[in-house]
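What follows is one structure encoded as structure tokens, with my remarks underneath.
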Amino acid sequence: MDFKEKFRSKDAKVGVIGLGYVGLALAGEFAKVGFNVTGIDNNPDKVKTINSGKSPIVDVSDDEVSEFINSGKMKAVTDFSVISELDSVSICVPTPLRKTKDPDMSFIVNATENIKKHLKPGQLIILESTTYPGTTDELVQPILEKSGLIAGKDFYLAFSPERVDPGNKQYTTKNIPKVIGGTTEECTEAAKSLYGQVMDTIVPVSSTKVAETVKLLENTFRSVNIGMANEMALMCQKLNINVWDVIFAASTKPFGFMPFYPGPGLGGHCIPIDPFYLSWKAKMSGFESRFIELASQVNSTMPAFVVEKITDALNSTKKSVNGSQILIIGVAYKNDINDIREAPSLDVINLLQAKGAKIVYSDPYVPAIKINNSTISASDLTENLLAESDCAVIITNHSVFDCNLIVKHSTVLVDTRNALKDFKDEHIVRL
Ligand code: SAJ
């Protein structure tokens with residue numbers, strides 16, 4: 001039976017390496033359409049959680065996981081030898097940056113080395129992790145071919161960028177168009193015939209490098225435009241113009257404009273990181289990507305800009321940062337989620353603590369944060385906490401926050417997200 005028939009009939013045994021917000025969501029979609037899916041993860045606790053019918057991620061419910069497990073459609077293992085029994089393996093492992101802003105490929109290399117040990121003729125291997133153009137051809141393929149099998153001849157190899165937006169109820173793994181680029185046309189076809197059983201829309205492209213670069217363009221686009229919005233905020237401050245009014249009015253243009261907003265900085269594990277995969281690779285080829293570097297510089301100045309606003313706001317009440325209690329409202333890297341990776345709130349808190357501030361924070365999604373070798377637990381956002389704090393700062397505008405309470409009971413108030421756009425109160429200092 002050829003791969004098309006095997007995938008179409010769902011007789012194929014599919015595998016996913018890395019059971020995080022990308023891999024487990026993908027494994028769930030495979031199980032939903034009837035595939036027998038094996039998840040492989042090096043974290044035994046995560047494997048145990050999933051096999052016990054619980055989901056460690058927001059986008060797949062416990063009920064769904066327990067249904068997949070109890071029906072025998074899904075199992076999770078730590079042992080890579082299971083790969084020899086699989087027809088396809090999707091690699092969904094992290095691609096962080098090192099401190100030097102160089103790509104950390106260790107997770108991809110580890111997964112690929114383990115696949116190589118169990119690679120069989122006819123298998124389909126798809127890399128999904130966000131990475132620099134050339135990873136599939138120059139890193140993954142040579143490792144796999146050490147098995148003696150040749151990509152495009154003995155096995156199929158493709159790249160397909162993950163586009164998961166955790167917590168997004170409208171756009172899911174199933175309905176986000178799936179870009180696929182194979183080592184050969186037949187590899188693209190093989191990947192298409194598998195993913196076409198799961199995703200509503202497949203977007204085949206001419207090579208793995210094109211597919212790798214698509215995701216980096218998407219996220220560099222965001223980083224650069226957020227950087228421009230932040231620079232507009234810095235510029236409008238100098239010109240004494242309300243940047244929020246400017247962006248709101250500009251966004252009424254029905255074409256040729258897309259609003260981005262200033263904020264306290266650039267958080268998350270995608271946008272601050274992905275563009276550096278592209279600029280790193282470009283630099284290897286002697287090309288300096290100035291937009292990526294400049295956007296990063298502008299975005300990185302925002303926490304200090306917020307601290308300057310806080311300092312000036314306190315000064316207006318004849319107080320200094322040193323010795324003041326400052327209430328941080330919202331610490332997650334963006335609203336209505338619990339993720340604090342690269343969160344700008346942490347940079348703001350670091351800077352304020354260095355100036356001698358006492359920090360308290362409220363965030364219903366984040367019970368505690370570790371910072372400067374100490375742990376701060378979240379406080380409830382109450383009248384008293386607002387009244388006793390010398391300054392309150394909205395860093396993340398979670399929808400659950402009661403803006404009336406914040407405006408009414410704070411003395412000095414800084415809003416970095418325009419969360420209080422409907423309040424004209426004089427004591428509100430805006431970005
Ligand atoms: N931010 C701003 N101003 C903006 C937009 C975002 O300051 O106008 C900040 C956010 O507060 C956050 C950071 O930038 O700190 C990143 O925000 P994001 O909206 O880009 O959210 P992410 O990091 O969750 O990005 C993900 C990405 N998804 C994938 O990589 C698969 C991105 O491609 C999505 O476009 C984005 O979600 C989304 O649209 O929600």
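Note that these values count all heavy atoms, side chains included, but never hydrogens, waters or copies made by symmetry. Position 1 is the first residue of the sequence; numbering continues from there. Start at 1 and go down the list; that is how both ligands and their atoms are numbered.
Residue, atom and distance of the protein heavy atom nearest to atom 21 (O) of ligand 1 are Lys334 NZ, 3.2 Å. Here the heavy atom of the protein found nearest to atom 37 (O) of ligand 1 is Asp165 OD1, 2.9 Å. In this structure, atom 5 (C) of ligand 1 lies nearest to the protein heavy atom Ile226 CD1, 3.6 Å. With hydrogens left out, the protein atom closest to atom 30 (O) of ligand 1 is Asn219 ND2, 3.1 Å, a heavy atom. Scanning the protein heavy atoms around atom 16 (C) of ligand 1, the nearest turns out to be Gly267 O, 3.5 Å.
Taking 4.0 Å as the cut-off, Lys215 counts as a neighbour of ligand 1 on heavy-atom distance. Close to ligand 1: Arg417, with a non-hydrogen atom less than 4.0 angstrom away. Residue contacts with ligand 1: Glu162 is included, with a non-hydrogen atom under 4.0 Å away.
Taking Lys75 as the reference, nothing meets the side-chain hydrogen bond (donor to acceptor under 3.5 Å, both in side chains) condition, with sequence neighbours excluded.
Between Phe221 and Phe260, the distance from one ring center to the other falls under 6.0 angstrom.
Sorted by first and then second residue, the salt bridge (charged side-chain N to carboxylate O under 4.0 Å, His left out) pairs involving residues 284-296 (not counting sequence neighbours) are Lys283-Glu293.
Between the side chains of His427 and Thr411, no donor-acceptor pair of N or O atoms lies under 3.5 Å. For the residue pair Asn299/Asn230, the side-chain donor-acceptor check at 3.5 Å is satisfied. A donor-acceptor pair shorter than 3.5 Å cannot be found between the side chains of Lys54 and Thr49. Looking at Asp137 and Thr208, their side chains do bring a donor and an acceptor atom within 3.5 Å of each other. Between Lys358 and Gln353, the side chains place no donor N or O within less than 3.5 Å of an acceptor N or O (distance only, hydrogens not considered). Remark: the Glu212 side chain and the Thr136 side chain contain an N/O donor-acceptor pair separated by less than 3.5 Å.
Taking all heavy atoms of Arg163, Met228, Arg222 into account, the minimum distance to atom 39 (O) of ligand 1 is reached by Arg222. Looking at Tyr261, Tyr333, Tyr21 and measuring to atom 12 (C) of ligand 1, the nearest heavy atom belongs to Tyr333. Residue nearest to atom 9 (C) of ligand 1, selected from Asn299, Val164, Leu266: Leu266 (by heavy-atom distance).
The distance from ligand 1 to the heavy atoms of Ile271 drops below 4.0 Å at these ligand atoms: 16 (C), 20 (O), 23 (O), 25 (O), 32 (C). For ligand 1, the atoms sitting less than 4.0 Å from at least one non-hydrogen atom of Cys270 are 30 (O), numbered in the order shown with element in parentheses. Residue Phe260 approaches ligand 1 through these ligand atoms, each under 4.0 Å from one of its heavy atoms: 8 (O).
Between Ile115 and the choices Ile143, Ile40, Ile83, the side-chain contact (heavy atoms from CB on, under 4.5 Å) rule is met once, by Ile83.
With a 4.0 Å heavy-atom cut-off, ligand 1 is reached by no atom of Glu218.
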